[in-house]
**Student:** 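Mind looking over this structure? Questions follow.
Numbered from 1 within each chain, the chains take letters A, B, ... in sequence-line order.
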Amino acid sequence: MPGGRRRRIHFSKLYSFLCLRSSFTAEHSQIGKKGYSRVVYCNDSDNPEAVQRSYRGNYVSTTKYTAVNFIPKSLFEQFRRVANLYFLVVACVSFSPLAPYSAFSVLAPLMVVIGATMAKEAVEDWRRRKQDVEANNRRAKVYDNKSGIFVETKWKKLHVGDLVKVYKDEFFPADLLLLSSSYEDGVCYVETTNLDGETNLKLKHSLEVTSSLRNENSFQKFKAVIKCEDPNEDLYSFVGTLYYNNGQELPLSLQQILLRDSKLRNTDYVYGVIVFTGHDTKVMQNATDPPSKRSKIERKMDKIVYILFSTLVSISFIGSFFFGIETKKDIHRGKYRRWYLLPDNTTVFYDPKRASLAAFLHFLTGLMLYGYLIPISLYVSIEIVKVLQSIFINQDQDMYYDVADRPARARTSNLNEELGQVDTILSDKTGTLTCNSMEFVKCSIAGTAYGRGMTEVEIALARRKGDTKPGIGDNFADLPGSTSDVMDSRSSIKGFNFRDERLMNGQWVNQPCPDVIQIFFCVLAICHTAIPDVNKESDEISYEAESPDEAAFVIAARELGFEFFERTQTSISLHELDYGSGKKVDRSYKLLHVLEFSSSRKRMSVIVRNMENQLLLLCKGADSVMFERLSEHGRLFEVETKNHIKKYAEAGLRTLVVAYRELGEEEYRGWEEEFLKTKTSVSESRDELVDAAADKIERDLILLGATAVEDKLQKGVPECIEKLAQAQIDIWVLTGDKMETAINIGYACSLLREEMKQIVITLDSPDINALEKQGDKESVAKASSESVGKQIREGIAQIDSTKENSITFGLIIDGKSLAFALNKNLEKSFLDLATKCASVICCRSSPKQKALVTRLVKFGTGKTTLAIGDGANDVGMLQEADIGVGISGVEGMQAVMASDYAIAQFRFLERLLLVHGHWCYRRISMMICYFFYKNIAFGFTLFWFEAHTSFSGQAAYNDWYMSFYNVFFTSLPVIALGVFDQDVSARLCLKYPLLYQEGVQNILFSWPRILGWMFNGVISSMIIFFLTSNSTARQAFREDGQVVDFEVLGVIMYTCVVWTVNCQMALSINYFTWIQHFFIWGSIAFWYAFLVIYGSLPPTVSTTAYRVLVEACAPSGFYWLLTAIVVVSSLLPYFSYRAFQTRFRPMYHDIIQIRRSEGSETETSGGSPAPMKDKIYQLKKRLRDMES
Amino acid sequence: MFTQQELPACKPILTPPWVITAFVSVGIIFIPIGLASLFASEHVVEIIDRYDKDCVPSNYTNNALAYIQSTQTNKTCTRHLIIPERMKSPIYVYYQLENFYQNHRRYIKNRNDYQLRSRAYEFDVDDCDPEAKTERGPIVPCGLIAWSLFNDTYRFSLQNEVIQVSKQDIVWKSDQNHKFGSNVYPKNFQSSGLIGGARLNQSIPLSKQVDLIVWMRTAALPTFRKLYGKIEVELEANQNLTVLIQNNYNTYSFAGKKKLVLSTTSWIGGKNDFLGIAYLAVGGLCLFVAISFVLLYLLKPRPLEDPSYLSWNINPAGLSN
């Protein structure tokens, strides 16, 4: 019964747990005061005090709306948009006689538009709700005081003070106080990946007084009161006091707190009391409201709308000015001028005696009339288009991860075009760039390098060199061409990717130093804290380790014949190959001490007694601390090993040095006494003393070799990063990992390269450490700040001094320094330095720092930022960035829930940005430009016409022509453009990543372009109006002598407008499928159909449209001829511009298009690489020039 | 294919051959059309005679308004028109008003379609203020448009021989049949207060009042022609056509002009050089652009001729910047 045995292990003996003992700190004196006022009555829900406090339940809601507030709130959201508000006001005013057209013809499109948007909001919120419901209805066991047993209930029904039982691999339903666990001493393991992204298990430890509460019956009498801090978002602190057993006051710390959304691991069950529920839990407090993000284009669009508004106001003003003058003149010295208007007997709107009032009212009319300048359907069309674009993103087969059956998901559709403008990517590391699984790939034993596996970095390097033969891997492996056999056998065993026939299958006994090899693997098999788990059926052993690295070592040892199969409190047992006899024997080692790993020690040791009664100290640790601890005669392979470690590190591997020593019985006893003494001491500096004691024994080591573990990159990450870098997107890595690891990964994913210079900013310097020891917080802070500031300045100076050379820099900064670098006074210079570096890596950064860095980049550079991450620790960053992309990987769904886009693999980011982002950006910006064009072209014809009606506010067209303009005659082709248009195919987008810069530099939505389109609209409207009005001015337009009247002119002009704007669309799209054809020509056809249908309604309904096409226009050749000339001439300016521009000042996409059409664009586009750099530079410069 | 956005598509690109073809073909198509329209327009004979000024007696020249508003003055006026070319029948007779805003918002809405259409809606005079009703009941047809009906009349004679002006088919059929009721008779029209324009014969239903129907079909622009009638005889060149005008309509107060127009038509309608010229101009412009494009194309080589500009994929040097 391995499980049972494990339960009996007293972990407090295995580890130096005494340091976990809680003690009252300064904060505890705050209990009961402001900010620390929470009182929890445990297992006492009927207590009147508890009832009175009534903390909120465990129900969690992340939706934006509720059923009740949906209508008002979403309406409010809608009318926050200026344009919508304008149309609402117009619709209201249009019921008055001021309106130049009927009220319903304004109201109908507005209702369609608002309704569609609200429907979209509702659907999106419904999805969020479904996820909430899932979480709220998860099951948990809660103690029922009456029946005395644990009963199942839903998460949302839990209350503060409830006793819950949580089983292995379950999530904690709320923030709990750990009372006891299946282990006697009340420890439990917790996985907090959802909170901080760290995959190692964290140990939680209950108070001694409660750890005995392991019997369900014992809870019958359990009553306690917890006084603690109020809900807050700090994941790393908890202050509270437990009042238990009649006034016993016990301090509580984070050690006793199990946080919601973390998971119980390696522990069969725990009992806990709920302290915080629902939105009070730390994780929910951390989740700020998802900010409603708006894309830059949309914000710019608002500015354009303002421009249009001012145009609207000014032309209305011009109109009303002249109208006032004309009206005033209507009665002159008692005489009527335009007697047919009966100016003496009129309403206030036309009263010459009150001309200025009439002019003012006319101004209001004008505001309504020219409302067609503001595209009412713009917002809704954009929303529709974005939803459809999102569907394309969701459906993209190339972003579908078949292994996990996960497609890409666009969770918001607001930001599609923003994807095409990303300037900086801020990426998490673990789980985002890497798979978060470690693989043992290489080792160096006794100065010989083993392991033929190629790492991702080596593969990338080899590829960059243009060939596969002399890869770095072959420096270690003697046989060439080993890549292929690595490839096909890859990851057959998780965590093990070591291929070397010299060591495998017991062959190591034939190597030069078999004894060293034996000890080496013994160290790997013994020096760890993993727990074996023997599968009874298959006899296979799996391990549960604190970190994936450790698991990789144990697995490696197992695969090479040192199978760790049993751990007891005091011993570790292995199946081992005895190289002398060649037989498999079971050996057990008596475990005497574990000297734990810590970030300051950077090593771990165990002291064991083997079966030969030898005392051994087995040690593994970082090279920086290990080499100095070697004994004189233990440095036999030092040079070779160092050499190998360097190469491993260059290959992006995580290395550890393995060493051992034999201990003399005397020496050990002396040391042990001292060590135990320091361990049980209660002085403040106990930890340091323990470390110092450990130091004393961990010396005079004998070097065995080094291991190299690969934190395996996700598939395609280096290629993806390379592509993104080619698209000139900056990439920052923000990781909680330690600096060495981060740098290694930086190399692995080609963020850092050998030729790059590193600028490292760290506070890990002796003087700072010394200050820290003194414990004066203020002086530490001051010194740290100064030190960071100095390092930043030095970095900048270093970059400036080497500006001429093409040396690139990589900035690496650790979390502590980052905290100071993000202070107000250093912020700017830090950003300055960071933007000058090609890549930036921030290690040891907390979730908050990640968010702060994101904010700094976002506001500091003003460019679009994209954050990508997979853990709950990335949530802040994802929400802070302009775009948050969540990796829907193994680490729960927190990041995905907070993200705007979710993809399954980092490499899909390439397609998401370069293809979808580019397309969406292009589509949306084209679409908006076109929208303004078409509405200006239309709106200005109204103005020109009104000018010919003595500015009386008369519209040229029938009311319904106008209200259908934006809805039926012109909107569908625009939507087709927004959904389907593509300048170049996906393949070419990926092939020419620089194309992406069109979005980053916002070339397609620059002011010249926008104004150009607007100007084009004005030109079109002038051509339409003046050509039609001049050619139809007086004379008959038919053979039967009929002349063009108001009705016919309206139809002619409108026909020309519909043709022009739709053909303009046809000219400006690059991608004609049947859909585009259908919509464009369909819209034009629909206009005629509409005219026929509407015209056949009774004249009281159709008014000026009655049979106008059938009877008056269609039989007239003149009508058709006029349409043709007007349409062609209004398209001429744009067409000529495009023809010349494409040819003589092509944009980047034009070039690619031309090359594609010429057929010179093939997969093997050749050419000599030598002069490339220069030309690339020119092209980049051109791109920048265009922008400025 | 659809979800991968890889539908079969035509991807038009403005390559030089395409551009040149497009411009040249527009030119080639438009110029003949322009010539044809001009030719057609040339065959139309049009006589325009402005009479508002000349029909004011010399003693009223400085006070034309008093003349036109007075009921005492003789409004008859005789004009002699020389036919420049042979005019084939039918010859359309128009009156042309200038600076008359039939498209004024107050004016254009001042009518009631229900009332015009059916007797049942006689009392429906919405939108007709101030010409909606009198003490005796509603005005039919109500509204400013009807009230200001044009009331000049023309009588044509050739060497003292009266030429009949036919009012047949000068209105749109749809107007006559569907907008103006055959059972709606004028009532209380021009009966009180200020008299606007023409009076209507109360015994003729609105659907037969062709002048009213023509007038009620409002003009789009302040200068407009309306059909007065048709002369269904041919007029020879140099014939002297005498027109007896009753100059009743007041255009003097707003400095408008009144013109009498006689015109034949062709397939493009009346005399219309503008369209032909526009076609010629646009066609010519297209040819010009095509030529300049070709010239530029030949003189100025394409700036990015070298295909290696785009060969990014060979060299990852793009990284190093």
Side-chain angles (χ1 to χ4, degrees), chain A residues 336-342 345 350 392 395 397 464 722 725-726 948-950 952-954 991-992 1029-1031 1034-1039 1041 1043 1045-1046 1049 1070-1073 1099-1100 1106-1107 1111 1117-1118 1125 1128-1129 1136 1138-1139 1142-1143 1151 1153 1155 1157 1160 1165 1167 1169 1172-1173 1175-1176 1179, chain B residues 3-5 7 9-11 13-16 19 26 92 96 101 103-108 113-114 130 144 148 172 174 178-179 217-221 223 225 227 250 253-254 265 267-272 274-275 278-279 282 289 304 307-320:
Chain A
Y336 305 160
R337 188 171 64 102
R338 291 184 292 185
W339 58 269
Y340 52 89
L341 297 176
L342 273 180
N345 185 3
Y350 307 99
F392 276 131
Q395 300 277 326
Q397 289 297 317
R464 200 174 316 156
E722 197 161 304
Q726 279 179 33
H948 286 78
T949 66
S950 76
S952 61
Q954 178 58 41
K991 188 169 170 188
Y992 302 111
S1029 66
N1030 277 310
S1031 55
R1034 294 171 275 275
Q1035 66 283 353
F1037 77 114
R1038 286 157 59 107
E1039 210 162 358
V1043 289
D1045 51 39
F1046 174 75
L1049 184 75
N1070 297 294
Y1071 188 74
F1072 262 105
T1073 65
T1100 43
Y1106 186 64
R1107 293 200 179 170
E1111 188 183 30
F1118 175 84
I1125 180 91
V1128 168
S1129 21
S1136 318
R1138 273 290 289 159
T1142 314
R1143 183 68 202 172
I1151 303 173
Q1153 285 177 354
R1155 285 183 47 71
S1157 76
S1160 47
S1165 71
M1172 214 62 57
K1173 240 179 176 169
K1175 281 169 185 164
I1176 286 161
L1179 196 54
Chain B
T3 53
Q4 286 302 91
Q5 309 191 47
L7 283 176
C10 147
K11 301 168 185 168
I13 297 170
L14 296 174
T15 53
V19 171
V26 168
Y92 295 95
Q96 175 171 333
Y101 287 92
N103 57 13
H104 193 281
R105 185 154 70 100
R106 172 168 162 80
Y107 187 85
I108 208 166
D113 287 337
Y114 290 92
L144 285 179
S148 59
W172 297 106
S174 63
H178 301 283
K179 287 190 185 166
R217 186 110 173 180
T218 45
L221 298 167
T223 298
R225 278 177 201 173
L227 258 180
N250 176 9
S253 63
F254 51 88
T265 57
W267 62 268
I268 62 157
K271 193 167 187 63
N272 192 347
F274 186 87
L275 189 70
Y279 263 97
V282 172
V289 173
L304 294 170
S308 60
Y309 267 101
L310 291 164
S311 306
W312 282 94
N313 47 338
I314 305 167
N315 195 340
L319 275 173
S320 60

**Student:** Between A:Thr1100, A:Val1128, A:Leu1049, which shows the greatest number of heavy-atom pairs under 4.5 Å with chain B?
**Tutor:**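 Max contact count across the listed options: A:Thr1100.
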
**Student:** B:Ser253 versus A:Arg337: any side-chain heavy-atom pair under 4.5 Å?
**Tutor:** no

**Student:** Check the angle between the aromatic planes of A:Trp339 and B:Phe254 and answer parallel, tilted or perpendicular using the 30° and 60° thresholds.
**Tutor:**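 Aromatic pair A:Trp339/B:Phe254 classed tilted.
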
**Student:** Within the structure provided, determine whether A:Gln1153 and B:Lys11 are in side-chain contact (heavy-atom separation under 4.5 Å).
**Tutor:** no

**Student:** Tell me which of these, B:Asn250, B:Val282, B:Ile268, has more heavy-atom pairs under 4.5 Å with chain A than the rest.
**Tutor:** B:Asn250

**Student:** Would you check if A:Phe1118 and B:Asn272 make a side-chain contact, meaning some heavy-atom pair closer than 4.5 Å?
**Tutor:** yes

**Student:** Where on A:Arg1107 is there a heavy atom nearer than 4.5 Å to chain B: the side chain, the backbone, both, or neither?
**Tutor:** side chain

**Student:** Measure the CD-OH distance between A:Gln1035 and B:Tyr92 for me, rounded to the nearest 0.5 Å.
**Tutor:**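 Result: 14.5 Å between the selected atoms.
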
**Student:** For A:Tyr1071 versus B:Ala9, what's the shortest heavy-atom pair and its separation?
**Tutor:**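 Taking A:Tyr1071 first and B:Ala9 second, the nearest heavy atoms are CE1-CB, 3.3 Å.
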
**Student:** My understanding is that only residues two or more places apart in sequence, or in another chain, count here; which of them pass salt bridge (Lys or Arg N to Asp or Glu O under 4.0 Å) with A:Arg338?
**Tutor:**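 Once residues adjacent in sequence are excluded, the partners of A:Arg338 under the salt bridge (Lys or Arg N to Asp or Glu O under 4.0 Å) criterion are A:Asp330.
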
**Student:** Using distance alone, with no hydrogens and no angle criterion, decide if B:Ser174 and A:Glu1111 have a side-chain donor and acceptor under 3.5 Å apart.
**Tutor:** yes

**Student:** For A:Asn345 versus B:Pro130, what's the shortest heavy-atom pair and its separation?
**Tutor:**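 Nearest heavy atoms, A:Asn345 then B:Pro130: ND2-CB, 2.9 Å.
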
**Student:** Might you work through the side-chain contact (heavy atoms from CB on, under 4.5 Å) test for B:Tyr107 and A:Gln954, ending with a clear yes or no?
**Tutor:** CA-CA 10 Å; B:Tyr107 187 85; A:Gln954 178 58 41; over 6 Å; no

**Student:** Suppose we screen for salt bridge (Lys or Arg N to Asp or Glu O under 4.0 Å). Which residues come up paired with B:Arg217, at least two apart in sequence or across chains?
**Tutor:** A:Asp1045, A:Glu1047, B:Asp175

**Student:** Calculate, to the nearest 0.5 Å, the distance between atoms CD1 and CG belonging to B:Ile13 and A:Asn1070 respectively.
**Tutor:**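 It is 8.0 Å, given to the nearest 0.5 Å.
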
**Student:** Flag the pair B:Leu227 / A:Val1043 as yes when at least one side-chain heavy-atom distance between them is below 4.5 Å, and no otherwise.
**Tutor:**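 No, side chains not in contact.
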
**Student:** Say you draw a straight line from CG of B:Leu275 to CG of A:Asn1030; how long is it, rounded to the nearest 0.5 Å?
**Tutor:**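 With rounding to 0.5 Å, CG (B:Leu275) is 11.5 Å from CG (A:Asn1030).
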
**Student:** Calculate, to the nearest 0.5 Å, the distance between atoms CZ and OG1 belonging to A:Arg1143 and B:Thr15 respectively.
**Tutor:**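 The OG1 atom of B:Thr15 is 9.0 Å from CZ of A:Arg1143, to the nearest 0.5 Å.
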
**Student:** Would you indicate whether the side-chain heavy atoms of A:Arg1034 and B:Thr223 approach each other to under 4.5 Å?
**Tutor:** yes

**Student:** Which atom names give the shortest non-hydrogen contact between A:Ser950 and B:Tyr101, and what distance separates them?
**Tutor:**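 Of all heavy-atom pairs spanning A:Ser950 and B:Tyr101, the closest is N-CE2, 3.3 Å.
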
**Student:** Could you check whether any side-chain heavy atom of A:Leu342 comes within less than 4.5 Å of a side-chain heavy atom of B:Arg106, counting everything from C-beta outward?
**Tutor:**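 Counting from C-beta outward, A:Leu342 and B:Arg106 do come under 4.5 Å.
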
**Student:** Which answer fits B:Ala278, side chain, backbone, both or neither, if we ask what part of it has an atom under 4.5 Å from a heavy atom of chain A?
**Tutor:** both

**Student:** In Å and rounded to the nearest 0.5 Å, what is the CG to OG1 distance from B:Asn103 to A:Thr949?
**Tutor:** 5.0 Å

**Student:** Answer yes if the ring centres of A:Tyr340 and B:His104 are under 6.0 angstrom apart, and no otherwise.
**Tutor:**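 Ring centroids of A:Tyr340 and B:His104 are no less than 6.0 Å from each other.
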
**Student:** Please flag which part of B:Val26 lies under 4.5 Å from any non-hydrogen atom of chain A: side chain, backbone, both or neither.
**Tutor:** side chain

**Student:** How about A:Pro1099 and B:Asp113: do any of their side-chain heavy atoms sit closer than 4.5 Å?
**Tutor:**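 The answer is no; the side chains never approach within 4.5 Å.
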
**Student:** Working to the nearest 0.5 Å, report the span between OG of A:Ser952 and CD1 of B:Ile108.
**Tutor:**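 Between atom OG of A:Ser952 and atom CD1 of B:Ile108 there are 8.0 Å.
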
**Student:** Determine the option with the most heavy-atom pairs under 4.5 angstrom with chain A, choosing from B:Pro16, B:Ser148, B:Cys10.
**Tutor:** B:Cys10

**Student:** Count the heavy-atom pairs under 4.5 Å between each of B:Val19, B:Thr218, B:Val289 and chain A, then report the option with the highest count.
**Tutor:** B:Thr218

